[in-house]
Amino acid sequence: MGDRYDGDHVDIQNGIFLGPVTAKAEYHQHGPAPTALDALPSKAAGFTGRRSELGQLLGTFDPSATAAPEAVLVAAVSGLGGIGKTALAVEAAHAACERGWFPGGVLFVNLHGYDDDLVMAEQALEALLRALGVEPEHIPPGADARAALYRSALAERERGAVLILADNASSAEQVRPLLPGGTWHRLLVTSRNRLPQLGALLLPLGELSGEEAYDLLDRALRIADPADRRVADAREAVSELASRCGHLPLALQIAAALLALDRGKPVAELVVELTEFSDRLAYLDDGERSVRAAFDLSYRRLPPEQARLLRLLALAPGPDASNEVVAALVGTATPPIQALNALARAHLVERESGRRRWRLHDLVRAYGVGVVAEDAGLVAEGETARERVLDFYYGWADAADGWLRRLPGMPIPGRFGDRAEALGWLDSERAGLVAAVGWAEWERFVDTALRLAALLAEYLDWRRYFDDWVTVGRVALEAARRFGNRMDEAIAWSNLGIALQGAGRVQEVVEAHTRARDLFRAVGDREDETIAWNNLGIALREVGQVQEAVEAHTQARDRYQTIGDRLGEARAWTNLGIALGEAGQVTEAIEAHTCARDLHRAVGDQHREAIAWSNLGNALWGVGREAEAVEGYGKALEIYREFEDWYRAGALQNLALVHKSANRPAEACACWLRAADAYTLAGATVEADRARAWAEEQE
């Protein structure tokens with residue numbers, strides 16, 4: 001009788017066997033597939049800062065928070081490569097799990113959005129389904145089918161809410177299929193791009209603060225060696241190190257690793273190395289992590305137009321660039337707003353306040369400069385772009401300078417509607433203009449850069465930006481010397497002398513104006529030689545050589561009269577009057593200031609007429625003609641207010657002194673308080689504080 005097969009076993013109960021029989025049995029137990037619902041990476045060692053951002057994420061995850069009708073399903077953390085997006089997301093996920101908010105577990109998937117082999121949504125869904133315990137043979141082909149099964153698997157989770165952390169996404173398309181179906185689950189995404197298409201809580205990350213950078217470096221070194229006090233003992237050097245690292249977490253971590261590897265290296269030594277090293281990004285590499293490599297991932301994914309724009313923006317002068325400067329860089333009539341917005345979404349460009357200016361992170365700028373330097377064609381493209389910017393700056397600065405120097409009857413310069421608009425443009429572009437003058441070190445740009453330097457003199461003097469003016473003057477002087485242009489060297493010495501005087505460096509001023517005078521004489525420029533005589537007189541007076549100052553101003557006055565320059569003559573009379581007053585020749589000083597006032601009025605130079613009125617007031621008060629002095633100060637103040645020259649309007653303190661000497665403390669107090677307000681408007685805080693202190697003495 002044969003055996004009988006019945007289902008999953010063989011029945012041999014009544015079988016006939018003609019020899020020994022060996023039976024082999026196999027037992028199969030079908031259990032659930034394994035899951036991976038505790039897949040969070042470990043926290044970043046030494047994580048610090050980001051309190052506000054961490055609070056926002058936890059507020060989004062908190063199940064006890066009052067939910068809107070449509071619950072927040074997504075939070076998207078975005079920022080520049082190396083800014084610490086993953087570290088923040090992992091920190092927030094761990095904190096949420098520790099609070100018991102995701103009893104269903106955590107799913108983690110790295111989408112490698114900026115690698116050559118990025119993870120497509122279909123691949124990500126397969127990994128997530130496997131993590132949820134779905135057998136491979138039950139995972140259907142196609143993103144749509146997998147997304148449906150993924151949502152169903154999440155919906156069936158009996159343990160509770162699940163957190164899905166999708167790291168390093170490059171687009172909304174890569175993430176959208178990962179959205180959970182139920183409102184109790186949460187999806188946290190990190191990306192170098194902003195992802196507004198997801199309807200997410202958008203959380204852009206910026207640079208670390210100075211204190212956060214300090215904490216990061218200190219913790220990193222103390223993890224390696226708890227006794228390491230190099231950060232704690234060198235706060236100033238740490239601040240500079242953070243600046244050289246652009247307050248970028250990745251760069252700071254690499255710097256900490258370099259210090260940890262060499263325990264004898266002071267922080268200040270690393271700062272020097274990062275400052276002197278020609279390629280900072282090459283130095284910010286610890287063998288495993290590299291700032292350049294992080295930026296490469298973003299740069300390689302840019303379309304050609306955006307890549308070109310990023311490179312050119314890296315060459316822009318100043319810390320940021322206006323729409324007009326960007327247009328000049330790329331050589332178009334209007335700025336490429338669409339490409340700029342795309343770079344901003346990728347966190348490679350930051351939109352400044354006012355929405356018409358754009359800024360690169362310091363290390364992104366260094367990266368762009370490095371990309372250009374490695375290719376001769378890109379170098380040529382960059383030089384042409386710089387030439388366009390320099391021409392743009394020169395044309396607009398020339399028009400603005402025309403408005404500042406314009407007197408009644410002179411032609412309207414154009415480009416700007418009025419003087420205030422011209423000043424506003426100069427204010428907004430000051431940093432870029434000063435930086436563009438620095439391009440004078442290259443022969444291709446030297447002529448235009450030197451002309452730009454000369455154009456900035458009136459503006460920098462007006463706004464009292466003497467440090468910037470000294471910088472511009474030294475750059476212009478060095479360039480003129482290098483390329484052998486004696487006329488430009490004379491102009492540079494002249495402007496540098498005025499800037500040094502404004503900066504209070506009087507010992508250097510006499511030499512500057514003496515050199516300017518001698519060079520103007522050597523090239524046969526009588527008009528500028530006369531100006532140099534006038535400036536030299538001011539310098540001599542500042543160092544106490546009053547009689548020599550009187551002689552220099554007299555020389556300037558006579559020369560101006562000879563060449564028929566009435567405006568120059570008026571300025572010489574002003575300076576001669578001051579020198580005569582200091583020499584004790586008071587009557588002659590009053591006559592000189594009266595001549596200056598009348599000449600300035602005749603040529604229509606109201607602002608310098610006000611200066612003459614103020615100087616005349618000083619001279620009159622010095623001989624006891626109080627009423628006439630008060631009238632002079634009053635006339636000056638009227639004009640200063642009209643021109644919004646708040647620093648000189650601080651001359652109210654002279655009027656206060658008149659009232660004080662006449663025993664009128666209330667009037668003196670009021671004048672000092674008004675002077676303090678004027679100085680505050682001018683940004684002269686030291687003078688404002690002093691005026692308020694004097695006012696308090698009268699109360």
Using a 6.0 Å cut-off, check whether atom [atom1] of [X] has over 12 heavy atoms from anything other than its own residue.
| X | atom1 | answer |
| --- | --- | --- |
| E305 | CD | no |
| D117 | CG | no |
| D286 | CG | yes |

Minimum heavy-atom separation for [X] to [Y], with atom names?
| X | Y | answer |
| --- | --- | --- |
| Y394 | L452 | CD1-N, 4.0 Å |
| L111 | Q174 | O-NE2, 3.0 Å |
| E173 | A121 | O-CB, 4.3 Å |
| C97 | V106 | SG-CG2, 3.2 Å |
| G502 | F466 | O-CD1, 3.2 Å |
| V437 | V475 | O-CG1, 3.4 Å |

Rounded to the nearest 0.5 Å, what separation is found between the [atom1] atom of [X] and the [atom2] atom of [Y]?
| X | Y | atom1 | atom2 | value |
| --- | --- | --- | --- | --- |
| R194 | N341 | CZ | CG | 10.0 Å |
| D296 | R301 | CG | CZ | 14.0 Å |
| L217 | L208 | CG | CG | 9.5 Å |
| I254 | Y283 | CD1 | OH | 12.5 Å |
| E269 | R230 | CD | CZ | 10.0 Å |
| T471 | L496 | OG1 | CG | 10.0 Å |

Looking only at atom types and distance, does a side-chain atom of [X] sit under 3.5 Å from a main-chain N or O of [Y], one as donor and one as acceptor?
| X | Y | answer |
| --- | --- | --- |
| E212 | R50 | yes |
| N193 | L195 | no |
| R280 | R244 | yes |
| T190 | N168 | yes |
| H94 | P41 | yes |
| R430 | L460 | no |
| Q123 | M120 | yes |
| S243 | S239 | no |
| T332 | P335 | no |

Heavy-atom side-chain proximity of [X] to [Y] below 4.5 angstrom:
| X | Y | value |
| --- | --- | --- |
| L348 | H361 | no |
| V325 | S322 | yes |
| D218 | T48 | no |
| W469 | V434 | no |
| E441 | R482 | yes |
| R474 | L500 | yes |
| F61 | L188 | yes |
| D362 | L248 | no |

Should R359 and E350 be marked as a side chain to side chain contact (heavy atoms under 4.5 Å, CB included) after you check the CA-CA gap, both sets of side-chain angles, and the distance that decides it? CA-CA 5 Å; R359 173 185 176 271; E350 299 172 25; 2.8 Å; yes
Is it true that [X] and [Y] have a side-chain N and a carboxylate O under 4.0 angstrom from each other?
| X | Y | answer |
| --- | --- | --- |
| E53 | K85 | no |
| E273 | K265 | yes |
| R515 | E511 | yes |
| R356 | E324 | yes |
| D468 | R463 | no |

Could you label the plane-to-plane angle of the W442 and F445 rings as parallel, tilted or perpendicular, counting under 30° as parallel and over 60° as perpendicular? perpendicular
Determine, stepwise, if the pair Y465 / L456 fulfils side chain to side chain contact (heavy atoms under 4.5 Å, CB included). CA-CA 10 Å; Y465 293 131; L456 294 178; over 6 Å; no
Which is it for V77 and L57 under the side chain to side chain contact (heavy atoms under 4.5 Å, CB included) test, yes or no, and what are the steps along the way? CA-CA 9 Å; V77 179; L57 286 178; 4.1 Å; yes
What's the verdict on side chain to side chain contact (heavy atoms under 4.5 Å, CB included) for S494 and I491, showing C-alpha distance, side-chain angles and the deciding distance? CA-CA 5 Å; S494 182; I491 294 171; 5.7 Å; no
Establish, for the pair R235 and Y214, whether the NZ or CZ atom is under 6.0 angstrom from the six-membered ring centre and no further than 45 degrees off its axis. yes
